Amino acid sequence: MLGFEDTSIAFVYIANIVAVTVCVIYGIINWNKGADTEAEEIAEELQWEKEEAELDKDL
Amino acid sequence: MEKTNIMLLSVIIITYLLAIGYLGFLGFKKTKDAKDYMVAGGEIHPFVMAISYGATFISTSAIVGFGGVAGIFGMGLLWLTLCNVVFGIFIAFVVFGKRTRKLGHQLSAHTFPELLGKRFNSNFIQGASGLIIFTAMPLYASVVLIGAARFLESTLQIDYNTALLVFSLIIAAYVLAGGLRGVMYTDALQGTIMFVGMIVLLVITYSKLGGISAAHEKLTALAHLVPGKLQSIGHAGWTAMPETGSKWWWTLVSTIILGVGIGVLAQPQLAVRFMTVKSNRELNRAVLIGGIFIVVSTGVAFIVGSLSNVYFHETAGKIAIAAAKGNHDLIIPQYINEAMPTWFVYLFMIGLLSAGMSTLSSQFHAMGTSVGHDFFKKFFPNKGNTVLITKVGIVIAIIISIILGYQLPIGIIARGTAIFFGICAATFLPVYVAALYWKGATKTGATASIIAGFIASLFSLLFLHAKESAAIGLCEMIFGKKMLIEAHPWPVVDPILIALPISAIVLIVVSLATKNAE
């Protein structure tokens, strides 16, 4: 199939295309999900970014 | 490509540098303080985020090193691409990424060793993990350097040692000038050049060879040209899997596909990126873009690496490894130089070198923080200046990586990557999974697992796996033979298949045994 000697190679060639398609579909379905909305989450993120920036300054 | 076209090369390099400079300025302006960073972060396009992750993940090692390996092993490497998408993108982002980010923020962890150390409340885990990363990672950094130097060697027709020196100096200057943290925009530009380059490479290759199925058929028809030595250990042609259970099969499946495919989950410089994303939404979006990016970059490298056999056979009457004079690290550079138009070769070279730069800068960042922030601060809390130690650590890491680049044997890129990924997986993966998902894991269990995984990895490399044990020679010195167990398949079973299960079993058994005590 597809000019390959082994069907397992043809399988994985197609499986890669399927895997990308799954990633694309997953990304589209969840495109707007998971944003930090709780005040607590945003505060946690800000605090972490602040510490990270301080650490980076040392490098 | 015939002679170096200085004019064209200069135009491409200057345009590229101007674009990088502009984007760097843009990034600098947007990240003045943490709050600005946060706001800017909210506006960063998911394309930029995912491609910059991809640019760190994919380097000269994947394209030059593993693409060259595909020139010998053939299309079986596409299983590695599948692992890269399934483990390296989907499972990494969805299963590991979201929990890593949450845990990192709750524990206020900023490096991978710190995440593990704080989760298990152990300074030893953080310090020892830092030390392991600092000592093992130069091997990986050096093969990324080698990949870039090999491409420069072929393209500019300069001596390999000179190429390595030139690229090393560029990297050292880049890192020391403060380019440690790849600015997202420049990373994304590098990734985009790579991405477009790979698509063009695939299209030109297929069209040169008569179309998709026709090209594959031509490659299938070359099976009789596989060298007798390789046929005798299981090579069955470039479009077939090796004979199941043969030496060739074990190397492909255990070292290349599983070692690298699974090892990616416990890569410190990648895991840390999950903590830096702004929210889970960015991770969801990155699955889409990252998935496409990884399949295109690695899949194309492996397909083109395999098909280069057809090209070299048609043009020079040789298979790829013969055309590259026995060094499979030269297959991809040589193929691109011979088969592609000059402008493309230069553009691709820029893309490849910058992909190497973004990977290297994240590696040196990981090594620097490992030795300063993780190892030194935890083991010698009241001594010395952490900032200075970190900087000295980075300089030492750069020097060791460059020395290794000169010392390592030819054809080492893929193997060096696999060794490092294997050590990381055996040492950290069980503990990392437990840190995220298993409340029952104890501090003693995690400590024992890290030690057991690391020692088992080293032991397998030094005494069991033929490629390394024979080359290093310690086994021969102590026991008078190249490896401890000579019976097939042990000399070709990758250390990851021995050390990872040991590390996981130790974690579970010791955790259960010490559950009540802790």
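First the proteins, then the strands, lettered A, B, ... as listed; each starts at 1. Note that the structure is predicted; figures quoted are calculated from it, not measured.
- If you measure heavy-atom distances from A/Ile28 to chain B, the contacts under 4.5 Å come from both the backbone and the side chain.
- Contacts from residues 209-221 of chain B to chain A, taken as heavy-atom pairs separated by less than 4.5 Å, involve B/Ile212, B/Ser213, B/His216, B/Glu217, B/Thr220 in sequence order.
- Listed options A/Ile29, A/Thr7, A/Val12 were ranked by heavy-atom pairs under 4.5 angstrom with chain B; first place goes to A/Val12.
- In this structure, the side chain of B/Thr369 engages the main chain of B/Ala366 through a donor-acceptor pair within 3.5 Å.
- Of the two parts of B/Ile303, only the side chain, counted from C-beta on, holds a non-hydrogen atom closer than 4.5 Å to a non-hydrogen atom of chain A.
- Residues A/Asn32 and B/Arg285 have side chains that bring a donor and an acceptor to within less than 3.5 angstrom of each other.
- The main-chain N or O of B/Ala109 is found under 3.5 Å from a side-chain atom of A/Trp48 such that the two form a donor-acceptor pair.
- Between A/Glu51 and B/Ser108, the shortest heavy-atom distance links the atoms OE1-OG, 2.5 Å.
- Contact count versus chain B (heavy atoms, under 4.5 Å) is highest, among A/Ser8, A/Gly27, A/Ala15, A/Cys23, for A/Cys23.
- Every residue meeting the side chain to side chain donor-acceptor pair (under 3.5 Å) condition with A/Tyr26, not counting sequence neighbours, appears here in chain and number order: B/Lys98, B/Asn284.
- A pairwise comparison of heavy atoms in B/Phe73 and B/Trp238 identifies C-CD1, 4.1 Å as the closest pair.
- Interface residues of residues 81-92 of chain B toward chain A, defined by a heavy-atom distance below 4.5 Å and sorted by number: B/Thr81, B/Leu82, B/Val85, B/Ile89, B/Phe90.
- Residues forming a ring-ring contact (aromatic ring centres under 6.0 Å, His included) with B/Trp249 (at least two apart in sequence, or on another chain): none.
- Judged by distance alone, the side chain of B/Gln231 and the main-chain N or O of B/Val226 form a donor-acceptor pair under 3.5 Å.
- Panel note: side chain B/Glu282, backbone B/Ser279; a donor-acceptor pair is recorded below 3.5 Å.
- A distance-only check finds no donor-acceptor pair linking the side chain of A/Asn16 to the backbone of A/Tyr13 [under 3.5 Å].
- Summarising the geometry of B/Met275 relative to B/Gly104, their closest heavy-atom pair is SD-CA, 3.7 Å, with the distance given to 0.1 Å.
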